[in-house]
Amino acid sequence: MTTELVHPDRLQKLAALREAGVDPFPARGVENEPIATLIASGGTQAAPGARIGTQACIAGRLLALRDFGKLMFAPVLDLTGKLQVGFQKARLESWWERRKWLDGGDLVGVRGELGHTQKGELTLWASEVVLLAKSLAPPPEKWHGLSDVEQRYRRRYVDLWASEGVRAVFVLRSRMVSLVRRFLEARGFLEVETPTLHPIAGGATARPFVTHHNALDADFYLRIAPELYLKRLIVGGLERVFEVSRNFRNEGISTRHNPEFTMLELYQAQADFRHMMAHTEELLEHLARELLGRTQLEFRGKPYDLKAPFPRRRYDELFRAANGCELHERAAVARRAQELGITLPPRPGASAEAHHWALATEVFDHTVEPLLEGPMFVTHFPTPISPLAKCDPADARFTERFELFLGGMELANAFSELNDPEEQQRRFAEQVASKDPEAPGEVDLDYVQALEYGMPPTGGLGIGLDRLAMVLANQDSIRDVLLFPTLRPLGKD
RNA sequence: GGGCGCAUAGCUCAGCCGGUAGAGCAACUGGCUUUUAACCAGUAGGUCCCAGGUUCGAUCCCUGGUGCGCUCACCA
């Protein structure tokens, strides 16, 4: 009836409990106090707090049992913290033999008196113990927790309580997203939800997942970005919108990439990329202060400071400094690419122009990006690689666009949104003609039509929330900030 | 997809030159009223990832496969 995880001894205890009339899976919980509030009011043995000597009730998971015959100690863990429970035979005479039916991992409710041990540890001296749910599968080794990375990801429900620090990462992530929402709502932004099923995969360059709707007998793509729908809402007059968007990209998995990931995208009418830069700086500094209490942090062993303002450097300047040639000089860039051993997958029918820019982007990514410790805004991306961004009025070869880099990683991408429908259609057409396997296969005419009705000057910003959580929680791998990262399904044998 | 590495008890890991496997924790039995990686004595627990091959004999060597990690490529 159960899986191989279940330990036979625990089944025997389960039977013994039932025989004694104890329901090992009772329908009701107990009215408990968070452990953290007890710790806060418990004080030390030298200076006891207000709650010492008073009754309290906690509920949580038994992490270990230290049995001395007539005395037993056990740490109990709830969401907020860990508290030692002390069981004394003298206080629990009728229950005492039933302690043998308890195991590490069991969920219990404990009522008792708050006090200290001889060594000064805050302890709840139990007067009443309720089994809330029997744990039939034994917990992992008690001081290593789960260390097999695969097991940690596959059985996160164990990892979260068995491995030190794991819960804190996800609590931080949850608070981060909550702070983002409050930050934007305070600035007049509306949170919206746009489709996940897209007839055309647009708003970014990436290979999409394809799925099929039976009743419509039509293929859909899982969204690679919500951008084009959010800008339709700007046309619709919503003026300030944001979405916390789960995006799906059918590409490689790495410490920085998961097939499904979460982005914040926001759009603001009457704003441009400079406003987006200000939002980015303010938001990151605000999050660091709220979550860490300071703007300095460590990520992948290096120090960073999220105190605004962040330095700004132009894309073409960084390119020139790293490569000694001009971004627009086709022959020089081609030579440089050859030096670096960069080759592009063949794209039959692609124009020389498209080839040049694909190559230049590669050279930039190899020579500049890894060196950008940051935080740093890289500004004025070339127009040919920014099909949705408005051109710099002073120089149409570049756009009003920036990306934010930190630790060699792209954290944010923003621009003044292109709102000229004719130019947008032309740029889409160039993208389709580039034969880039990751570019959309067709022009999104419905989006162009939306622009034909008129979209106000608009600034847009996207921030990778998983990566931001990595930085704020100092986690090296994106999988450590995803509760259930994508893994290969287990075989059925 | 390429390269490198890992897979042994529920968990964390040893296992030498090829001779059918060990420890700690967890579990079980007994002892113990102040531990916190509790301690002491004892017991039980194994498809050595899977399939082939070499060999008298394979956890060990070889080939293939599966899963995972790191890394490169690609991407955010």
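Fair warning: this is a prediction, and the values are worked out from it, not measured in the lab. By convention in this document, chain letters (A, B, ...) are assigned in the order of the sequence lines, proteins followed by strands, and residues within each chain are numbered from 1.
Spacing between U8(B) and G53(B) at atom P, rounded to whole Å, works out to 24 Å. To the nearest whole angstrom, the two C1' atoms, one in G65(B) and one in C39(B), are 48 Å apart. Rounded to whole Å, the P atom of A26(B) lies 12 Å from the corresponding atom of A37(B).
Anti is the glycosidic conformation of C49(B), whose angle departs from 0 by more than 90°. U20(B): glycosidic angle within 90° of 0, hence syn.
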Steps toward side chain to side chain donor-acceptor pair (under 3.5 Å) verdict (Arg173(A), Gln475(A)): CA-CA 11 Å; Arg173(A) 180 179 173 139; Gln475(A) 297 296 306; over 6 Å; no
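Closest approach to the Pro138(A) side chain among U33(B), U36(B), G10(B) is made by G10(B) (side chain taken as heavy atoms from C-beta onward). Minimum atom distance to the side chain of Thr255(A) is reached by U71(B), of the listed U34(B), U71(B), A76(B). The side chain of Leu71(A) sits closest to U34(B) out of U34(B), C32(B), A76(B). Nearest nucleotide to the Pro140(A) side chain, out of C11(B), U33(B), U36(B): C11(B). Considering only side-chain atoms of Phe68(A), the nucleotide from A76(B), A38(B), C70(B) that sits closest is A38(B).
Rounded to a whole Å, the CE atom of Met72(A) is 14 Å from the C1' atom of U34(B). If you measure from atom CZ of Arg66(A) to atom P of C25(B), you get 14 Å, rounded to the nearest angstrom. Here the P atom of nucleotide U71(B) and the CD1 atom of Ile478(A) are 14 Å apart, to the nearest Å. If you take CG of Leu11(A) and P of A27(B), they are 15 Å apart, rounded to a whole angstrom. The separation between Leu65(A) atom CG and A37(B) atom P is 15 Å, rounded to whole Å. When the P atom of A76(B) is taken as reference, atom CG of Asn250(A) falls 14 Å away, rounded to whole Å. Nucleotide A76(B) holds its C1' atom 14 Å from the CG atom of Leu406(A), rounded to whole Å. Rounded to whole angstrom, the span from the NZ atom of Lys100(A) across to the C1' atom of G31(B) amounts to 10 Å.
Residue Asp67(A) is classed as a base contact, given a heavy-atom separation below 4.0 Å to a base. Counting any heavy atom pair closer than 4.0 Å across all strands shown, Asp476(A) reaches no nucleic acid atom.
C4(B) is paired with G69(B) under the Watson-Crick or G-U wobble criterion, all donor-acceptor distances under 3.5 Å. In this structure, A26(B) forms no base pair with any nucleotide, since neither Watson-Crick nor G-U wobble geometry is met with both distances under 3.5 Å. The nucleotide G52(B) finds its pairing partner in C62(B), both defining distances of the Watson-Crick or G-U wobble pair being shorter than 3.5 Å. Partner assigned to G46(B) is none, using Watson-Crick or G-U wobble distances below 3.5 angstrom.
Judged purely by distance below 3.5 Å, without hydrogens or angles, the side chains of Ser416(A) and Glu400(A) pair a donor atom with an acceptor atom. With no hydrogens or angles considered, a side-chain donor-acceptor pair links Thr123(A) and Gln84(A) at under 3.5 Å. A donor-acceptor contact closer than 3.5 angstrom links the side chains of Asn413(A) and Arg401(A). The closest side-chain donor-acceptor pair between Ser135(A) and Asp106(A), if any, does not fall under 3.5 angstrom. When only modelled atom types and interatomic distance are considered, Glu265(A) and Tyr267(A) share a side-chain donor-acceptor pair under 3.5 Å.
Gln84(A) contributes no side-chain N or O that forms a donor-acceptor pair with the base of U34(B) under 3.5 Å.
Phosphate contact (OP1/OP2 of C68(B), side-chain N/O of Arg154(A), threshold under 4.0 Å): present.
Comparing Lys89(A) and Asp103(A) by the nucleotide of RNA chain B whose heavy atom lies nearest to each, the residue mapping closer to the 5' end is Asp103(A).
Ring orientation note: the planes of Phe273(A) and Phe402(A) are tilted relative to one another, at an angle of 30° to 60°.
A search for side chain to side chain donor-acceptor pair (under 3.5 Å) contacts involving Tyr304(A) returns Glu373(A), not counting sequence neighbours.
Because its NZ or CZ atom is both nearer than 6.0 Å to the ring centre of Phe398(A) and within 45° of the ring axis, Arg314(A) counts as a cation-pi partner of that residue.
Once the 5.5 Å centre distance and the 30° plane angle are applied, the aromatic ring of Phe261(A) is found stacked with the base of A76(B).
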Detail all sub-3.5 Å separations between protein N/O atoms and N/O atoms belonging to nucleotides 72-74 of chain B.
residue : atom : partner   : partner atom : Å
C74(B)  : OP1  : Glu362(A) : OE1          : 2.5
C74(B)  : O2'  : Glu438(A) : OE2          : 3.4

